[in-house]
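All heavy atoms count here, side chains included; hydrogens, waters and symmetry mates do not. In what follows, chains are A, B, ... by sequence order, proteins preceding strands, each numbered from 1. Since this is a predicted model, take the numbers as computed values, not measurements.
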Amino acid sequence: MNILAELRQRFDSALSSMVEETSPLLDMIRPATDSKFGDYQANCAMPLKKQLGKNPREIAQDIIDKLDVADMCETPEIAGPGFINLKLKDDWITQQLVASVGDDRLGVPKVATPKTYVVDYSSPNVAKPMHVGHIRSTVIGDTLSRVLRFLGHNVISDNHLGDWGTQFGMIIYGYKHFREDAAYQQNPVAELSRIYRFVRKIMDVLETQAALPKRKLALADQADEIENRKSKEPTGDKAADKKAAKDLRKLEGQHNNAKGAIAELENKLADLQADSDLMALVKEHAKINTAVLQETVKLHEGDEENLKLWHEFLPKCRDEIQRVYDRLDITFDVEYGESFYHDRLANVVSDFEKQGLAKQSEGATCVFLDGFKAPMIIRKQDGAFLYATTDLATIQYRMETWKPDAMLYVVDHRQGEHFDKLFAAAKLWGCADVEMKHISFGTVMGPDGKPYKTRSGDTVGLEGLLDEAVSRALTIVSDNDDKKETPDFSDAKRNTISELVGIGGLKYGDLSQNRETDYIFSYEKMLALNGNTATYMQYAYARVQSIFRRGSIDIEQLRENASGLQLNHPAERTLAVAILRFAEALDDVTFDYRPNLLTNYLFEELAKSYSTFFANCPVLKAEDDVTKESRALLCDLTARVIQQGLQLLGISTVEKM
RNA sequence: GCGCCCAUAGCUCAGCUGGAUAGAGCAACGGACUUCUAAUCCGUAGGUCGGAGGUUCGAAUCCUCCUGGGCGUACCA
């Protein structure tokens, strides 16, 4: 049962005789802002003042008179300017709880009209090691898929792999020039990874060497410009002078940043140049940039050798990232990478041209869209296709194959404009009846508030991140276990627990963040024993199991005759309502695709209520057996909701920790 | 230049489909273990929700302007 949905339905009946359009008013029925107002409140009487020309309190009374909630609520009360406060009846709550006890879905109803969703997430480049930037797309997309599916929707999760781009040109080039056969025979994945990094390194050196003089020149120009502006006399026009001063400050800021960036580049280059073997190879492969592009072009044109190498490399590269997915417990229904759409691209472009949606401009094929200054380019001057082309082909394929109601793209916010254009173009192209949404998210920052990098300035690898989280979890688990008189866990067990706690902490840390905002990455915060963390939730779960173990409670059996639930202590009632609100929390998640609304619920509502309950309502030492069994069932329901909630976040529970 | 986003407690962040006194964790201070895991809990203190207007019965939330930051901006993804 979704209580809020049920109340809205009841209000709908009451309101429909008073107004034409009830739906905006129904949105104003919400959980109470304060428990002293009851459990829910309806705020819809106030805004009807004008429309009905009556005092809101009178309107509230009219609504209550028509409202049929006697079975579930106490008599509604009118408060303040016209709030309608609703308090659930205790016996109704227990009735719902009993139903939840016997329900695998814990009382969460399936949607009446399932939709088909395509959820596009993770989408790493298979040729490169996954890095910290992939964590958000992966876990947010996975959670959204799980939640939508749990609610009864038809979900197709799709990993739109980057498997056809320049990166493969790099590997092919590297394989041809730098591979060590013995290493490749022994461990092809590691060798390919080394090759990729090595080619990247050479290209870095060359690019940096080429870029530095230009950037220094630009820096000098900037310095001149600053001097020039400083020497200018004030014009006397206050506004103009203020703006000039502001612009100057900004320019100086940029200048300092550029200075820092150049110094960083110089350091990096100096380090690389110290390696004479490397520099010899750099010299030998001075044209590597164009050579790599040529390998890519050859691949796309169907060159036999390159295609054969690509077929050889692809599964190996894919295995490399599978390790990460396995640890993260991430799966996909389909995995159609860029290469999958390769032979559709030419048709997409010609179709746009035929329909008059695209035209030539400066040698490129462009789609000009209302409200955008720059066009969306679907074919370059040199004839090559771009990711906009692939994305359009992907939409076409998905529409043909699954006819989805919605397509969700879990991609970082910097690509917002790309998706705005893509969706606009797709609409023109005929995809009007599908909800296309960019599930945008912010950047993972380092402690300095800048995008998370290692000390040397490299991106942070995802596997290393996982290792570190798990190893820190191991320290916590071990320290705690060692404190006991007789430690509970073997080393193997400690490792198993730390893996679940560490990875869970990492995922929860990301998912508990409002997806739109950047956040500062911190192992300490992520694995904190207190606060809104996976560890805290896992601990709450484990404590419940501990009670059952300690009291030798057969919870299965208790579930079967769960009639005697009672709510005598306020903490019991609060916990009971929190348990019943699980369905609402899941609905909230799907409203604007925000996983953090689930973590908020689990922590703020459920776990907090449980803590209070735990402190005030002993189970094993309850005054009588009825109370004991009732409380045990509340504990059990709490644990089951935590477990189900965490499962939807892709996080496991542990029986002991 | 244009476009998008952000600014909430000392720190990290919730709250933003408008609702009654703005929340959490950390840090600080004071309490609670012969007690179901103290890996915990309870309490105290901490705020002109960047600033100024506006809409509304009601604004952290919506609109306008200002300040300070980030990101994106014709052939990378």
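- Across the P atoms, B/A60 and B/G3 are found 28 Å apart, a figure rounded to whole Å.
- Residue ring and nucleobase are not stacked for A/F83 and B/G19 under a centre distance beneath 5.5 angstrom and an angle between planes beneath 30°.
- For the C1' atoms, the distance from B/G53 to B/U67 is 15 Å, rounded to whole Å.
- Across all strands shown, the partner of B/G43 is B/C29, judged by Watson-Crick or G-U wobble contacts whose two distances both fall under 3.5 Å.
- Of the residues in residues 470-478 of chain A, not one places a heavy atom less than 4.0 Å from an atom of RNA chain B.
- Side-chain proximity of A/N514 to B/A14, B/G25, B/C13: nearest is B/A14.
- Closest approach to the A/N596 side chain among B/C13, B/G15, B/A77 is made by B/G15 (side chain taken as heavy atoms from C-beta onward).
- When distances are taken from the side chain of A/K608 to each of B/A24, B/C41, B/G1, the shortest belongs to B/A24.
- Among the protein residues, A/E338 comes within range of the sugar-phosphate backbone only, with heavy atoms under 4.0 Å from sugar or phosphate atoms but none that close to a base.
- Taking atom C1' on both B/G72 and B/A77, the two are 14 Å apart, rounded to the nearest angstrom.
- Here A/F603 does not pack flat against the base of B/A24, since the 5.5 angstrom centre distance and 30 degree tilt limits are not both met.
- In terms of position along RNA chain B, the nucleotide closest to A/T517 lies nearer the 5' end than the nucleotide closest to the other residue of the pair A/T517 and A/L529.
- The P atoms of B/A38 and B/C33 are separated by 12 Å, rounded to the nearest whole Å.
- Nucleotides B/U48 and B/C2, compared at atom P, are 34 Å apart to the nearest Å.
- Salt bridge absent: A/D510 and A/R515 never bring a charged side-chain N and a carboxylate O closer than 4.0 Å.
- Nearest to the side-chain atoms of A/I377 among the listed nucleotides B/A14, B/A74, B/C41 stands B/A74.
- Under a cut-off of 6.0 angstrom, the local environment of CZ in A/R549 is crowded, with over 12 non-hydrogen atoms contributed by other residues, nucleotides or ligands.
- Of the two residues contacting RNA chain B, namely A/P618 and A/K483, the nearest-nucleotide position lying further toward the 5' end is that of A/P618.
- In summary, A/D481 and A/R494 engage in a salt bridge, as defined by a charged side-chain N under 4.0 Å from a carboxylate O.
- Base contact: A/L620 has a heavy atom under 4.0 Å from a base atom.
- Residues from residues 25-33 of chain A that place a heavy atom under 4.0 Å from any atom of RNA chain B, listed by number: A/R30, A/T33.
- Between B/U56 and B/U12, the distance separating the two P atoms is 38 Å to the nearest Å.
- Side-chain nitrogen and oxygen atoms of A/Q513 include at least one within less than 4.0 Å of the OP1 or OP2 phosphate oxygen of B/A14.
- Closest to the A/N530 side chain, of the nucleotides B/U21, B/C41, B/G72, is B/C41.
- Taking atom CZ of A/F591 as the reference point, atom P of B/G15 lies 14 Å away to the nearest angstrom.
- Nucleotides B/A74 and B/G68 are separated by 26 Å at their P atoms, to the nearest Å.
- Residue-level contact check: A/S611 touches the backbone only, with heavy atoms under 4.0 Å from sugar-phosphate atoms and none from bases.
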Please produce a list of atom pairs where a protein N or O lies less than 3.5 Å from an N or O of nucleotides 56-58 of chain B.
none

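- Between A/K450 and A/D448 there is no salt bridge, since none of the side-chain N atoms of the basic residue sits less than 4.0 Å from a carboxylate O of the acidic one.
- Nucleotides B/C62 and B/U44 have their P atoms positioned 32 Å apart, rounded to a whole Å.
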